Amino acid sequence: MKSVIRTAAGGPEVLQLVERPVPEPGPGEVRVRVHVSGVNPTDWRSRRRELPPGMSEQVPHQDGAGVIDAVGPQVDPSRVGQRVWIWEAAWGRPSGTAQQYTLVPDRHAVTLPDQAPFELGAALGIPALTAHRALTVHDGGPGSLASGSLRDATVLVAGGAGAVGNAAVQLARWAGARVITTVSGPAKAALARAAGAHLVVDYRTQDAAAEILAFAPEGVDIVVEVAPGTNSALDIAVAAQGAVVAYYAGGEDERLSVPVLSSLSANLRWQSVFVYTVPAAAKQQGLTDVAAAVAAGALRVGEEAGLPLHRFTLERAADAHAALEQGVVGKVLLDIP
């Protein structure tokens, strides 16, 4: 089979296309014939780090979608033939989704409904589970998402044109929230509207705090934050009493510094969200709820859903990484032959 591997840390050039034997699933594992592999910022960032201890090579990419074609002992044999989406394939493991066949633990392959395309399945994983966690850590809010579960909440999504931002907008809309998002220009504004945001604010040309508070005079309850250091003043200015700022990213040298009394008087909570180490019960709830949203048709991909797709062949994995690293807007995918 064709696999993309890396044996060292570095730029996109460390990715190599090689031939490897088709692996056999072990106890508790399924083998997935991968149709589409999803590329996330975490993939190129991890590529720049040394391999995990004990690994001489690693196939990258956490997310993907395909069809189970074999199962190991302790796995229900009826799973063979199921369409699935994959999450955290390469987290602490050597076998990601940038290859024709991959092995993952049984629970890491979630059933993908027939009506859901493989490109949607490959775009779930990291973005959707991150967005789910950010939307469910509000004190007194629901610990799960379902249709109408955020009906009384106002959500601010920073960077609504990004992959996590797009998932957060769509999930929050499905859950009934009023959704606001900030963007950096007209093209991204169009994408955020396509995703379903009720209010889109261009922070470069508008007074973001004034626009948000005019729409939500009581403030926002949940902030899904991509740049906490940069946006902390805005977040404080628009936060409702008891709000949470759930931040999932930041620059390499970014620092978060907030005025104590402003956060204190608002009972404002700053909550980090690192999807890989989310508590097990919360991760399982995320898997359940994201699967339900997919089944309900609440999550979509493509420009018409606010998430343009940028497709590369497996042989062009290095180009896919370079495009994402250079800031392409949308979802980067590898089509696996």
Side-chain angles (χ1 to χ4, degrees), residues 1-8 14-40 42-43 46-47 49-114 116-126 129 275-276 280 283-284 287 290-291 294 312-318 320-321 333-337:
M1 69 172 181
K2 297 182 186 300
S3 298
V4 171
I5 66 166
R6 72 178 182 103
T7 59
V14 303
L15 299 176
Q16 311 168 50
L17 185 66
V18 299
E19 288 285 341
R20 290 288 184 265
V22 176
E24 292 299 324
E29 289 184 326
V30 299
R31 185 174 71 199
V32 180
R33 168 66 176 91
V34 183
H35 286 243
V36 183
S37 176
V39 193
N40 294 294
T42 187
D43 295 315
S46 62
R47 189 202 67 230
R49 295 191 290 268
E50 295 299 325
L51 288 164
M55 291 187 200
S56 59
E57 68 177 46
Q58 185 180 40
V59 177
H61 303 174
Q62 306 292 343
D63 298 341
V67 177
I68 294 175
D69 82 324
V71 301
Q74 302 165 21
V75 178
D76 184 350
S78 70
R79 294 216 70 189
V80 173
Q82 285 185 4
R83 303 170 79 252
V84 295
W85 57 275
I86 300 167
W87 57 280
E88 291 180 25
W91 176 243
R93 304 176 67 254
S95 184
T97 65
Q99 56 187 338
Q100 290 180 303
Y101 294 87
T102 192
L103 301 179
V104 293
D106 183 26
R107 67 184 293 265
H108 285 245
V110 182
T111 301
L112 184 67
D114 289 341
F118 286 126
E119 55 262 35
L120 171 61
L124 297 172
I126 298 296
L129 294 175
V275 68
Y276 298 106
K283 178 68 70 65
Q284 185 56 53
L287 293 167
V290 169
V294 172
F312 295 80
T313 61
L314 188 62
E315 291 79 3
R316 296 184 60 209
H321 274 233
L333 301 172
L334 295 184
D335 289 310
I336 312 297

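Note that the structure is predicted; figures quoted are calculated from it, not measured.
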Can you see which heavy atom on [X] is nearest to which on [Y], and at what distance?
X: P73; Y: P25; answer: CD-O, 4.3 Å
X: E24; Y: L103; answer: O-CD1, 3.5 Å
X: W87; Y: H108; answer: O-ND1, 2.8 Å
X: G96; Y: A90; answer: CA-CB, 3.8 Å
X: H35; Y: F118; answer: ND1-CE1, 3.6 Å
X: A8; Y: L51; answer: N-CD1, 4.3 Å

For the [atom1] atom of [X] and the [atom2] atom of [Y], what is their distance to the nearest 0.5 Å?
X: M1; Y: R20; atom1: CE; atom2: CZ; result: 8.5 Å
X: N40; Y: H321; atom1: CG; atom2: NE2; result: 9.5 Å
X: L15; Y: Q58; atom1: CG; atom2: CD; result: 10.5 Å
X: R79; Y: R31; atom1: CZ; atom2: CZ; result: 14.5 Å
X: I86; Y: D63; atom1: CD1; atom2: CG; result: 9.0 Å
X: W85; Y: E119; atom1: CH2; atom2: CD; result: 16.0 Å

Quiz item: Would R33 and I336 count as a side-chain contact (heavy atoms from CB on, under 4.5 Å) if you check the C-alpha gap in whole Å, the side-chain angles of each, and the deciding distance to 0.1 Å?
Solution: CA-CA 9 Å; R33 168 66 176 91; I336 312 297; 3.8 Å; yes
Close side-chain approach of [X] and [Y], heavy atoms under 4.5 Å:
X: S46; Y: Q62; value: no
X: L129; Y: L287; value: yes
X: T313; Y: D335; value: no
X: V75; Y: E29; value: no

Side chain [X], main chain [Y], donor-acceptor under 3.5 Å:
X: Q82; Y: I68; value: no
X: H61; Y: V39; value: no
X: R83; Y: A116; value: yes
X: K2; Y: A98; value: no

Quiz item: More than 12 foreign heavy atoms under 6.0 Å from CD of E50: is that the case here?
Solution: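 Counting neighbours around CD of E50, 12 or fewer heavy atoms of other residues, nucleotides or ligands fall under 6.0 Å, so no.
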Exercise. Show the numbers, then the answer: is there a side-chain contact (heavy atoms from CB on, under 4.5 Å) between R316 and L334?
Key: CA-CA 8 Å; R316 296 184 60 209; L334 295 184; 5.9 Å; no
Quiz prompt | Polar side chain donor-acceptor pair, D76 to S78, under 3.5 angstrom | solution =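 Indeed, the side chains of D76 and S78 share at least one donor-acceptor pair under 3.5 Å.
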Quiz item: How about T102 and T97: does a side-chain donor come under 3.5 Å of a side-chain acceptor?
Solution: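 No, no side-chain donor-acceptor pair sits under 3.5 Å.
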Self-check item: Partner of Q99 by side chain to side chain contact (heavy atoms under 4.5 Å, CB included), out of I5, L314, V59
Solution: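 Looking at I5, L314, V59, the match for Q99 under the side chain to side chain contact (heavy atoms under 4.5 Å, CB included) is V59.
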Quiz item: Could E57 and R6 be called an ion pair, given the rule that one side-chain N must be under 4.0 Å from one carboxylate O?
Solution: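 Here E57 does not pair with R6 in a salt bridge, since their nearest N and O are not under 4.0 Å apart.
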